[in-house]
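For reference, the structure is listed below as structure tokens.
Since this is a predicted model, take the numbers as computed values, not measurements.
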Amino acid sequence: MKTSIATVSISGNLPEKLEAIAEAGFDGIEIFEQDFIAHDGSPREVGDMIRSMGLEITLFQPFRDFEGLPEPLRAKAFDRAERKFDLMQELGTELVLVCSSCHPQALGGIDRAAADFHELGERAARRGLRVGYEALAWGRHVNDHRDAWEIVRRADHENVGIILDSFHSLARQIDPDTIRRIPGDRIFFVQLADAPQIEMDLLYWSRHFRNMPGEGDLAVTDFMRAVMATGYAGPISLEIFNDQFRSGPPKTIAKDGHRSLIALMDDVRRAEPALAFTSAEMPARSSVDGVSFVEFATRGAEADRLEAMLETLGFHQSGRHIAKKLSLWTQGEIRIVVNRETTGYASSAYNMHGTSVCDIGLSVPDAADAVARARQLGAKPFEQPVGPGELQIPAIRGLSGSVLHFIDEASGLSDVWSVEFTSSGAQATGAGLTRIDHLAQTMSYDEMLSWSLFYTTLFEMDKSPMVDVVDPDGLVRSQALETRDGRFRITLNGAETHRTMAGNFLADSFGASVQHVAFSTDDIFSTAEELARRGFEPLPMSENYYADLAARFDLPPGMLDRLAAANILYDEDAGGAFFQLYSRPYAGGMFFEIVERRAGYGGYGAPNAPFRIAAQKRLMRGKGVPSR
Ligand SMILES: O=C(O)c1ccc(O)c(O)c1
Ligand SMILES: [Mg+2]
């Protein structure tokens, strides 16, 4: 299987695009004519430059408004085609994409178009070139791959085939299984794009909102399953028109693209085991049984403050590392590692971000498999030298320099706590916190797709719909990713401005990622009592908030007073009820949350977020949160 990507899909000038594409591991590019014209270099030089980077030109595109024209426009269209054939020969590519005509004078008529393509095929054949016909979803007469196929079939020329583009077919809700009727050798090229399901004009949707397979809502896997069932053996190419990607970092976007394509083809291979095609061999997506540990990089007085906060949250220090300045804080199934090392990865994370979550450990069935899949999908393995008596725990670099460790029972990795840590012997009753409910990561809005793709291609996780969270100073988009059993949940919060609570955290921590950790309790009221006894200072909520709760929900008698007295927030969904208690913001805007989910409540209290954020901001502006 050859991978390819259209040069429109990423930002930069042509050499920058090519470098990012080659580095991400693609085999070829679709050269967009605009990218060629904007470049100052002869077609021969451009062709040589592309090949010198190890890339092949899989396609030249687009050639527009060709078929079905009356004379003299028709003759002109053929002349134009001849000029482009000259250019293709100079560049060194043999396939051109002709997209269905949008010309106001195009006459329509399947046989007229077929005759035009037959003649174009004749002219292409003389030069050893081939022509592919693609139905644009907004084409004037042809906007459905089934009609494009009928024209190609009637054109009846060896050098004329169809080009399929998942966006055009799926955006029009054409059943992808109709592709299974097309002979594989008549499909000359396949373009892939996903898109979020939004109601809008097809052309506008296509030119601005396409995204990588798996990042949107279209049935791209079903589309590719149908394509592969035909026996198609040509390149699989991303063609992504997206405003964010056009201005984003080209290397990251190219890597995301490659990751999406490899993961998609792995899904296709699993869904269609009877089809023989080559794609990267890798273990299936890993399930995640939960967060095994969260590690903070910190130092000195900040570390003391963090540990004091953990104590008020009911944690106790249950162990110390045999050689390093790490302490282990536990409660229920929760493990927090406080890392005060002044060398190594945690130390550089501290130097970069200040006190921050530098490492997340996930419990998985097979840690080696999780790393093997991540590597196939372009993640870099992460290793640090291990000292005597320490375990080598498989790990990868996440995005933005983060680190993820994988812990399993099968290979004894879950013994790390007894092997590498000496027990303090301390026994503690705690405050009823049982496990980590979710991690909330903050990022710039432009990075959200990369992160969701990262998690959903590695793990068995589903995306929830994006929700808007209103910060008094701007909007924050929030999207939850979760395993089906809810044992691993992450929320991604995308900030567009630095004035929001989330954006401010990003700026202050130079792009640290985890802004809060949420712990579960089975009884939020008794947890709140125990926390109060330990001197925990909750985030104070306003009276207005509780007055509104009374209006919105039928709470049992006395409940409202109990909520208000303990500063507990409340929400309901069709499944059940949700209780939340927040800490005050800590260094740079990090905080902790405690939640109780009753009767299968599935959300994250999004309706409460604006009031929580306003309360945090009141505190940070008023008393001033001690910053580093
Ligand atoms: O938006 C367009 O015009 C356009 C051009 C070429 C393509 O392959 C395509 O899918 C869309
Ligand atoms: Mg296309």
Side-chain angles (χ1 to χ4, degrees), residues 5-6 9 135-138 143-145 164-179 190-227 236-246 248 253 256-268 270-271 285 377 443 445-469 475-484 489-494 602-604 606:
I5 183 170
S9 313
L136 294 180
W138 54 90
N143 45 43
D144 181 322
H145 66 245
L164 296 168
D165 178 325
S166 61
F167 180 87
H168 297 299
S169 298
L170 298 173
R172 280 195 159 266
Q173 298 177 343
I174 300 165
D175 180 356
D177 279 341
T178 55
I179 291 169
V190 173
Q191 298 176 315
L192 267 175
D194 203 337
Q197 191 61 59
I198 27 185
E199 282 299 318
M200 72 166 77
D201 171 71
L202 287 170
L203 184 148
Y204 197 78
W205 187 20
S206 174
R207 296 247 174 106
H208 302 275
F209 293 92
R210 289 185 179 208
N211 55 22
M212 305 297 178
E215 291 182 344
D217 302 314
L218 301 183
V220 282
T221 310
D222 294 343
F223 174 90
M224 266 329 287
R225 288 175 61 177
V227 167
I236 300 168
S237 191
L238 298 171
E239 189 200 33
I240 320 287
F241 306 88
N242 179 299
D243 297 356
Q244 267 171 270
F245 297 176
R246 278 182 197 274
I253 306 294
D256 283 354
H258 200 257
R259 163 173 294 147
S260 75
L261 207 45
I262 300 297
L264 173 72
M265 293 313 287
D266 182 58
D267 289 341
V268 171
R270 286 170 203 284
R285 281 183 183 74
L377 294 173
M443 57 205 57
Y445 174 68
D446 289 347
E447 295 172 317
M448 285 183 85
L449 286 176
S450 298
W451 277 100
S452 73
L453 184 74
F454 176 79
Y455 284 120
T456 56
T457 52
L458 287 185
F459 307 117
E460 292 271 7
M461 293 180 94
D462 296 321
K463 297 179 283 193
S464 307
M466 186 92 80
V467 294
D468 292 339
V469 169
L475 207 63
V476 175
R477 305 288 179 99
S478 183
Q479 180 164 46
L481 306 173
E482 48 201 29
T483 55
R484 233 147 273 169
R489 299 170 183 264
I490 287 200
T491 60
L492 308 179
N493 300 288
Y604 298 83

Close side-chain approach of [X] to [Y], heavy-atom, < 4.5 Å:
X	Y	answer
Arg477	Asp468	yes
Ile179	Phe223	yes
Phe167	Gln191	no
His208	Met200	no
Ile490	Trp451	no
Phe245	Met212	yes
Lys463	Thr456	yes

Drop me the distance from [X]'s [atom1] to [Y]'s [atom2], to the nearest 0.5 angstrom.
X	Y	atom1	atom2	result
Ile236	Leu164	CD1	CG	11.5 Å
Trp138	Leu203	CH2	CG	4.5 Å
Leu377	Asp256	CG	CG	11.5 Å
Gln197	Trp205	CD	CH2	4.5 Å
Asn211	Asp194	CG	CG	5.0 Å
Asp144	Ser169	CG	OG	7.0 Å

So, for [X] and [Y], which heavy atoms are closest and what is the spacing to 0.1 Å?
X	Y	value
Gly602	Arg489	O-NH1, 3.6 Å
Ala226	Pro176	CB-O, 3.3 Å
Val467	Ala606	CG2-CB, 4.2 Å
Arg207	Asp243	O-OD1, 4.1 Å
Glu215	Ser450	OE2-N, 4.4 Å
Pro213	Leu264	CB-CD2, 4.1 Å

Ion pair check, Arg225 and Asp267, cut-off under 4.0 Å |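 So Arg225 does not pair with Asp267 through a salt bridge.
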Would you say [X]'s side chain and [Y]'s backbone share a donor-acceptor pair under 3.5 angstrom?
X	Y	result
Ser166	Ala193	yes
Asn242	Arg210	yes
Thr457	Leu453	yes
Gln479	Ser464	yes

When you look at Ile253 and Ser9, which way does the side-chain contact (heavy atoms from CB on, under 4.5 Å) test go after all the steps?
-> CA-CA 8 Å; Ile253 306 294; Ser9 313; 5.9 Å; no
